[in-house]
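Encoded as structure tokens, here's the structure I'll be asking about.
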Amino acid sequence: MKKVKVVYFKPSGKYYTQEIVEISKELSGYQALHYVLPNYHRIKNMFMYVENGEPEGEEIEPYIVPHLFHPLEPWGE
């Protein structure tokens, strides 16, 4: 399994929390970013930033290019 670091930010940009999720090594980076990782967006009204979760030098495929997902729901309207 591939480890991916997921960090959540409030819409103001303030750090909220982080976690590690595991995805299949069989996926390409494109499949991971566009089909699998959006399903892990569990705090719907916050930004979700993803990047590789392995220590430097121990990365395994697929390499996850750092990516920012926008909130899925509006923030306190």
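All values derive from a computational prediction rather than experimental measurement.
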Working for side chain to side chain contact (heavy atoms under 4.5 Å, CB included), residues Tyr40 and Ile23: CA-CA 10 Å; Tyr40 286 96; Ile23 61 171; 4.1 Å; yes
Does the side chain to side chain contact (heavy atoms under 4.5 Å, CB included) test come out yes or no for Phe9 and Met46, once each step is laid out? CA-CA 6 Å; Phe9 294 93; Met46 293 191 183; 6.0 Å; no
side-chain hydrogen bond (donor to acceptor under 3.5 Å, both in side chains) partner of Lys2, chosen from Glu54, Glu26, Glu61: Glu54
Ile64 reachable from Ile60 in the ILVMFWY side-chain graph, under 4.5 Å edges: no
Look up atom CG in Asn52 and atom NZ in Lys5, then write down how far apart they are to the nearest 0.5 Å. 11.0 Å
So, for Pro62 and Ser28, which heavy atoms are closest and what is the spacing to 0.1 Å? CB-C, 3.7 Å
Under 3.5 Å, side chain of Glu59 to main-chain N/O of Gly57, donor-acceptor pair present? yes
Looking only at heavy atoms, which two atoms of His70 and His41 are closest? And how far apart? O-CE1, 3.2 Å
Value rounded to 0.5 Å, distance of OH in Tyr35 from CG in Leu27: 11.5 Å
Determine the minimum heavy-atom distance between Phe47 and Pro11, stating which atoms define it. CE1-CA, 3.7 Å
Given the rule that I, L, V, M, F, W and Y join up when any side-chain heavy atoms are under 4.5 Å apart, are Val36 and Ile20 in one cluster? no
Any chance you could measure Arg42, atom CZ, to Thr17, atom OG1, to the nearest 0.5 Å? 6.5 Å
Under a single-linkage definition using a 4.5 Å side-chain heavy-atom cutoff for Ile, Leu, Val, Met, Phe, Trp and Tyr, are Leu37 and Ile43 assigned to the same hydrophobic cluster? yes
Do you reckon Leu33 sits in the same ILVMFWY cluster as Val21, going by side-chain contacts under 4.5 Å, direct or chained? yes
Take atom NZ in Lys44; do more than 12 heavy atoms of anything else shown fall under 6.0 Å from it? yes
With a 4.5 Å limit on heavy-atom distance, are the side chains of Tyr49 and Gln18 in contact? no
Met48 backbone acceptor or donor facing His67 side chain under 3.5 Å: no
Given the rule that I, L, V, M, F, W and Y join up when any side-chain heavy atoms are under 4.5 Å apart, are Tyr16 and Val50 in one cluster? yes
